[in-house]
Amino acid sequence: MDLEKCRYVVVEGPIGAGKTSLARQLAGHLNGEALLERPEDNPFLERFYTDMARFALPTQLHFLFQRVDQLRGVGQLDMFRHATVGDFLLDKDPLFARLNLSDAEYHLYEKVYAHLKPQTPSPDLVIYLQAPVDTLIERVHRRGVDFERRISAQYLTRLADAYSRYFYAFEASPLLIVNSERLNFVDNDEHVGLLLSRIASMRGRREFFNLAS
């Protein structure tokens, strides 16, 4: 895998896995643009973590509209003069919807999703970051966003399991599954270098990277 030739790379993973930090690092390495979620712009998110049942649908729809707006231009070839590195995969959006919405709300969400989903190219590479739930919780607490401290271990466990099931069946793009428990892409340039070397050595469409091994 020649990362320098990739025009569209996506880093994914549950909250606390480190996807946004790594997406920024890769965008800088490629002299490209980072296409990042903007959770701070979602007016329902803080209330969602207080009352999930009540605020799941508006939270989900706001993120859907936001992500669709961000991706509308990605399918245009002139957007790919420079690499784009995102920290979200729109095709994975229904994962959160199925996890958080009631059946009736999910049926409504499906209709909206099908109507809005833009035609975008598949990423040249998807990097899926995994970490144990205890690690995810520790990282969420460390970054100090008050309302995120309300996220329970039970919810993070369900979320991490949903991610695992989704990427177990994922075949749309080359996939590198990374155990990020021992990796620090923000403060350790060596770890970024190790990941870049692992990407360069990829030969198949599904491979793994674990620092412990």
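Along the sequence shown, residues are numbered consecutively beginning with 1. Everything numeric in this text was worked out from a predicted model, so none of it was measured.
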Y163-E12 side chain donor-acceptor pair, cut-off 3.5 Å:
yes
Any side-chain donor paired with an acceptor under 3.5 Å for R198 and S201?
yes
For L129 and A17, which heavy atoms make the closest approach, and how far apart are they?
CD1-O, 3.5 Å
Side-chain donor-acceptor pair present, T50, R150, cut-off under 3.5 Å
yes
Does R67 have any side-chain hydrogen bond (donor to acceptor under 3.5 Å, both in side chains) partners at least two apart in sequence or in another chain, and if so, which?
E37, D93
Q60 (side chain) donor-acceptor with L57 (main chain) under 3.5 angstrom
no
Side chains of D91 and Y166: donor-acceptor distance under 3.5 Å anywhere?
no
Output yes when a side-chain donor or acceptor of E207 lies under 3.5 Å from a complementary backbone atom of R203, and no otherwise.
yes
Going only through I, L, V, M, F, W and Y residues with side-chain contacts under 4.5 Å, is there a path from L196 to V186?
no
Is there a donor in the side chain of E110 and an acceptor in the side chain of H115, or the other way round, less than 3.5 Å apart?
no
Partners passing side-chain hydrogen bond (donor to acceptor under 3.5 Å, both in side chains) against S180 (at least two apart in sequence or in another chain):
R139
Sequence neighbours excluded, which residues qualify as side-chain contact (heavy atoms from CB on, under 4.5 Å) partners of A27?
A34, V85
Would Y109 and Y113 count as a close aromatic pair, with their ring centres under 6.0 Å?
yes
